[in-house]
Every structure is written in C-alpha cells, then in structure tokens.
Participant: 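Here it is, the structure in full.
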Amino acid sequence: MAARRLPRTLWAVSDLHASVRANRARLAELTPDNPADWLIVAGDVAERTHVVIEVLLELSRRYEKVIWVPGNHELFSRSSDRATGRAKYEELVAGCQRIGVLTPEDAYASFAGMTVVPLFTLYDYSFRIAGLYVEEALARARQRQVVMTDEYAIAPFVDVRAWCWDRLAYSVRRLSQIRGETLLINHWPLVQEPTLNLALPELALWCGTRHTRDWTRRYNARAVVYGHLHTPGAMTVDGVAHHEVSLGYPREWKLRKTAPPWPYPVLVEKAGR
C-alpha cells in the first residue's frame, strides 16, 4: 500500500533584511516539516547580490521550490558597483536561475491548480495626494524630510518611472495569457489602501503604482502576496485578500505585541492532489 502523501503548503515571507545579524539568525525558523513545501520570498532579502543569492540558495535546500521577486533593497547600488540599475536586476535574475529559484522572468509555476505569478512592477510616485503632480508631491515630501533611500541608491542609476512602466507593459503581456485562477506576488502593494495607514503618508510615493489597481479582477486573482510596508497582516480589497508577509527590522518585529504567522501559510494543497 502506497504511503499517504502529506499535503503541501505554499508559504510566504518578505523583507528578510538578512544583512542584519538578528534577522539572519531567524532564517533558521524557515524550515518546513514537509520538504515538498514551497516558499515565496517577496523581496528585500538584502542589498548585495552575493548575499541575496546565498540566502536564497540556503532556503532552496529546504523547500522544494523557492519563488523570488525583487524589492527596492535588492536594487540598491553604489557608483562603484559592477552592476547598477537594470543591470543589477539582470545580475540577480541570472544568479537565481543558476540555483533554480524562480523569478519574474521565468515560466510561471502551478501550485494546487493555481498559477503562481511573481511580479516586478516598481513604483511611479502615483500613490500620492490627489491633485498634486509628481514633482509637487516629491517636493512636499522633501520639505517634511520624508525621502526614501531609493532616491539615492536606485534613482541615480535608472529612470525609475520609465522602468516601472516598462515592467507594467511586460507583466500585462504575460498575465493576459494565463487562464484560470492566479496568485499574484509583488514586493510593492498592488493597491493603495495598505499605504493609507502609514505613519508618514508621504512614504506612499515609493510604495507602488495605481496602474495595478484592477489586476486582481482582470487576472482572476485568488490572493495577493506583498511586503515592503513592514506591517504584516491581511486586508481584503474588492473581495480579494492581500497578504503583507514582511519580517522587517528587529526594532519592529521585537515590539509586535501579537506575532503574526511567519512564514505565512498562503495556500494549503488539498490532500491527494
């Protein structure tokens, strides 16, 4: 009699910030009981390419499949770096492909009959106060001394808005070919609602693009996984659950009164599938 196969789970994490010693130590917690489980890593693993690949390789030895999307921290560059801007992303993708980690450039995988879609959309400053032009919104943020490191570590090396729009067009072409239910994965939230609770509203400028607003409806999404905000939890928007699965920095996760599930169980396969 054949042994009964354990149901697989699709887990998700983001914002590991593994260059921080206390966070790197927590990677030991990412060990599944079932080695057939999958893991989503929704961006912000680390800043240096070799550290990102090192961490993903470590996780790929524990999980049957690891799916990665880039966050803003993976794209951080210095003028002395060999690869910056778009070339830095290409370097990261090549590294992931060498170790068998799926990226937004690879064929989509299927888990429990659902298409798992890793995305890379960036941001275009459109999560801003109504009535303000981009330049006005950025000037207002600077006046309030709210400027993300992206402006010094990403923007000097690439036109971020143009790259965002290229990524949107690329993603739409691929999404339009999918039939059936999807699970959408992105580092930045696909809708603006999660950013409305930020302590510093100006930070929303670096948190996504309005052009992804209707993607859950257009592409039959059952759920969305994202990170970036360091506010783990779930929010339902237009009938779809949006799961923020970040770890964040020690000063954040050590102060949480109620620890959310980590890693987060996004989907459990039905027994016998």
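Side chains are part of it too, since the values below use all heavy atoms of this structure and drop only hydrogens, waters and symmetry mates. If you're wondering where the values come from, they're calculated on a predicted model, not measured in any experiment.
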Participant: Among the clusters formed by ILVMFWY side chains lying less than 4.5 Å apart, do Val160 and Val146 turn up in the same one?
Facilitator: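 Yes, one cluster joins them.
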Participant: Answer yes or no: is there a side-chain heavy-atom contact under 4.5 Å between Ser171 and Pro104?
Facilitator: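 No; the side chains remain at least 4.5 Å from each other.
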Participant: Would you give the length of the straight line joining atom CZ of Arg218 to atom CD1 of Ile178, rounded to the nearest 0.5 angstrom?
Facilitator: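 Here the interatomic distance stands at 12.0 Å.
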Participant: Between CG of Asp44 and CG of Leu75, what distance do you get to the nearest 0.5 Å?
Facilitator: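 Here the interatomic distance stands at 9.0 Å.
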Participant: Could you report the tightest heavy-atom contact between Lys65 and Ala109, atom names first, then the distance?
Facilitator: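 Scanning both residues completely, I find the closest heavy atoms to be CD-CB, 4.3 Å.
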Participant: Under a 3.5 Å distance rule, please check whether Arg179 uses its side chain to pair with a backbone N or O of Ser176 as donor and acceptor.
Facilitator: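 Yes, Arg179 side chain to Ser176 backbone: donor-acceptor pair under 3.5 Å.
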Participant: Does the side chain of Glu244 reach to within under 4.5 Å of the side chain of Pro189, using non-hydrogen atoms?
Facilitator: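 Sidechains of Pro189 and Glu244: no contact.
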Participant: Atom CD in Gln97, atom CG in Leu92: separation rounded to 0.5 Å?
Facilitator: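 The CG atom of Leu92 is 11.0 Å from CD of Gln97, to the nearest 0.5 Å.
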Participant: Decide yes or no on side chain to side chain contact (heavy atoms under 4.5 Å, CB included) for Leu138 and Trp206, but give the supporting numbers first.
Facilitator: CA-CA 10 Å; Leu138 288 172; Trp206 295 273; 3.8 Å; yes
Participant: Check for me, please, whether Val45 and Phe76 land in the same ILVMFWY cluster - side-chain distances under 4.5 Å, paths through other members count.
Facilitator: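 Hydrophobic grouping puts Val45 with Phe76.
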Participant: Do His242 side-chain atoms and Thr236 backbone N/O form a donor-acceptor pair below 3.5 Å?
Facilitator: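 Here the side-chain-to-backbone pair does not exist.
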Participant: Is any side-chain heavy atom of Pro232 less than 4.5 Å from a side-chain heavy atom of Arg256?
Facilitator: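 In short, these two side chains touch, coming nearer than 4.5 Å.
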Participant: Is there a side chain to side chain contact (heavy atoms under 4.5 Å, CB included) between Tyr219 and Val172 once you walk through the steps?
Facilitator: CA-CA 9 Å; Tyr219 305 117; Val172 165; 3.5 Å; yes
Participant: In this structure, are over 12 heavy atoms from other groups packed under 6.0 Å from Gln145 atom CD?
Facilitator: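 It does not: Gln145 CD has 12 such atoms or fewer within range.
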Participant: Do side-chain atoms of Glu151 reach the backbone of Met148 as a donor and acceptor pair under 3.5 angstrom?
Facilitator: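 No.
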Participant: Under the salt bridge (Lys or Arg N to Asp or Glu O under 4.0 Å) rule, what do Glu54 and Arg24 come out as? Steps first, then yes or no, please.
Facilitator: CA-CA 11 Å; Glu54 182 181 279; Arg24 188 65 178 260; 2.5 Å; yes
Participant: Honestly curious: do Ile154 and Val51 fall in one hydrophobic cluster under the side-chain, below-4.5 Å linking rule?
Facilitator: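 Yes.
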Participant: Kindly compute the distance separating CG (Asn34) from CD (Glu269), expressed to the nearest 0.5 Å.
Facilitator: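 That separation rounds to 9.0 Å.
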Participant: Heavy atoms only: give me the nearest Ala107-Arg174 pair and the separation to one decimal.
Facilitator: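 So the two residues come closest at CA-NH2, 3.8 Å.
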Participant: Is it possible for you to check whether Arg161 lies under 6.0 Å from the centre of the six-membered ring of Tyr125, through NZ or CZ, and within 45° of that ring's axis?
Facilitator: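 Ring-cation test returns no.
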Participant: Might you work through the side chain to side chain contact (heavy atoms under 4.5 Å, CB included) test for Val116 and Leu267, ending with a clear yes or no?
Facilitator: CA-CA 11 Å; Val116 181; Leu267 182 64; over 6 Å; no
Participant: Return the OG to CH2 distance between Ser14 and Trp262, rounded to the nearest 0.5 Å.
Facilitator: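 Reported value, rounded in 0.5 Å steps: 10.0 Å.
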Participant: Parallel, tilted or perpendicular: which one describes the rings of His73 and His17, with boundaries at 30° and 60°?
Facilitator: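 Aromatic pair His73/His17 classed perpendicular.
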Participant: Any non-hydrogen side-chain atom of Val237 less than 4.5 Å from a side-chain atom of Arg213?
Facilitator: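 Yes; the side chains approach each other to less than 4.5 Å.
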Participant: Can you find a heavy atom in the side chain of Asn23 that is under 4.5 Å from one in the side chain of Pro250?
Facilitator: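 Contact flag for Asn23/Pro250 side chains = yes.
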Participant: Do Phe120 and Trp163 have ring centroids that are under 6.0 Å from one another?
Facilitator: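 Close enough - the centres of the two rings lie under 6.0 Å apart.
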Participant: Working note: Glu105 + Tyr89, criterion side-chain hydrogen bond (donor to acceptor under 3.5 Å, both in side chains); need CA distance, chi angles, decisive distance, verdict.
Facilitator: CA-CA 11 Å; Glu105 308 310 306; Tyr89 174 61; 2.5 Å; yes
Participant: Could you point out which residue of Phe111, Trp11, Tyr63 forms a ring-ring contact (aromatic ring centres under 6.0 Å, His included) with Trp38?
Facilitator: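 The residue from Phe111, Trp11, Tyr63 that satisfies ring-ring contact (aromatic ring centres under 6.0 Å, His included) with Trp38 turns out to be Phe111.
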Participant: Linking I/L/V/M/F/W/Y whenever their side-chain heavy atoms sit closer than 4.5 Å, directly or via other members, would Leu57 and Leu16 fall into one cluster?
Facilitator: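 Yes; Leu16 is reachable from Leu57 via cluster members.
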Participant: Under the criterion side-chain hydrogen bond (donor to acceptor under 3.5 Å, both in side chains), I'd like the reasoning laid out for Tyr123 against Asp150: C-alpha separation, chi angles, the key distance, then a yes or no.
Facilitator: CA-CA 11 Å; Tyr123 54 90; Asp150 299 30; 3.2 Å; yes
Participant: Hey, quick one: are Val13 and Leu247 part of the same hydrophobic cluster, counting side-chain heavy atoms closer than 4.5 Å, chains of contacts allowed?
Facilitator: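 Looking at the clustering, Leu247 is in the same group as Val13.
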Participant: Given Leu119, which partner from the list Leu168, Leu175, Ile185, Val224 fulfils the side-chain contact (heavy atoms from CB on, under 4.5 Å) test?
Facilitator: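 The passing option is Leu175.
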Participant: Do the side chains of Glu91 and Lys88 get nearer than 4.5 Å, heavy atoms only?
Facilitator: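 Result yes, sub-4.5 Å side-chain heavy-atom pair found.
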Participant: How close do Leu229 and Cys207 get, counting heavy atoms only, and between which atoms?
Facilitator: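 Smallest heavy-atom distance, with atoms named: CD2-SG, 3.6 Å.
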Participant: Examine distances only and state if a side-chain atom of Asn197 and a backbone atom of Pro194 form a donor-acceptor pair shorter than 3.5 Å.
Facilitator: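 Flag not set: sc Asn197 to bb Pro194 has no pair under 3.5 Å.
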Participant: Yes or no on side chain to side chain contact (heavy atoms under 4.5 Å, CB included) for Arg140 and Arg128, after CA distance, side-chain angles and deciding distance?
Facilitator: CA-CA 11 Å; Arg140 175 186 172 120; Arg128 61 182 186 270; over 6 Å; no
Participant: Quick one: OG1 on Thr49 to CZ on Arg82, what's the gap to the nearest 0.5 Å?
Facilitator: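 These two atoms lie 7.5 Å from each other.
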Participant: Looking only at non-hydrogen atoms, find the nearest pair between Tyr226 and Trp188 and report the distance.
Facilitator: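 Distance-wise, the nearest heavy atoms are CB-O, 4.0 Å.
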Participant: To check you understand the geometry: which heavy-atom pair defines the closest contact between Pro32 and Asp37, and what is its length?
Facilitator: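 Answer, listing the atom of Pro32 first, then Asp37: CB-OD2, 3.7 Å.
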Participant: Measure across Met114 and Leu183 and return the closest heavy-atom pair with its distance rounded to 0.1 Å.
Facilitator: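 In terms of heavy atoms, the two residues are closest at SD-CB, 3.7 Å.
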Participant: Do His187 and Leu122 come close enough that some side-chain heavy atom pair is under 4.5 Å?
Facilitator: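 Of all side-chain heavy-atom pairs linking Leu122 with His187, none is under 4.5 Å.
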Participant: Compare all side-chain heavy atoms of Trp215 with those of Val117 and state whether any distance is below 4.5 angstrom.
Facilitator: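 No, side chains not in contact.
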Participant: Taking the basic N atoms (NZ, or NE/NH1/NH2) and the acidic carboxylate oxygens, is any pair closer than 4.0 Å for Asp124 and Arg210?
Facilitator: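 No salt bridge links Asp124 with Arg210.
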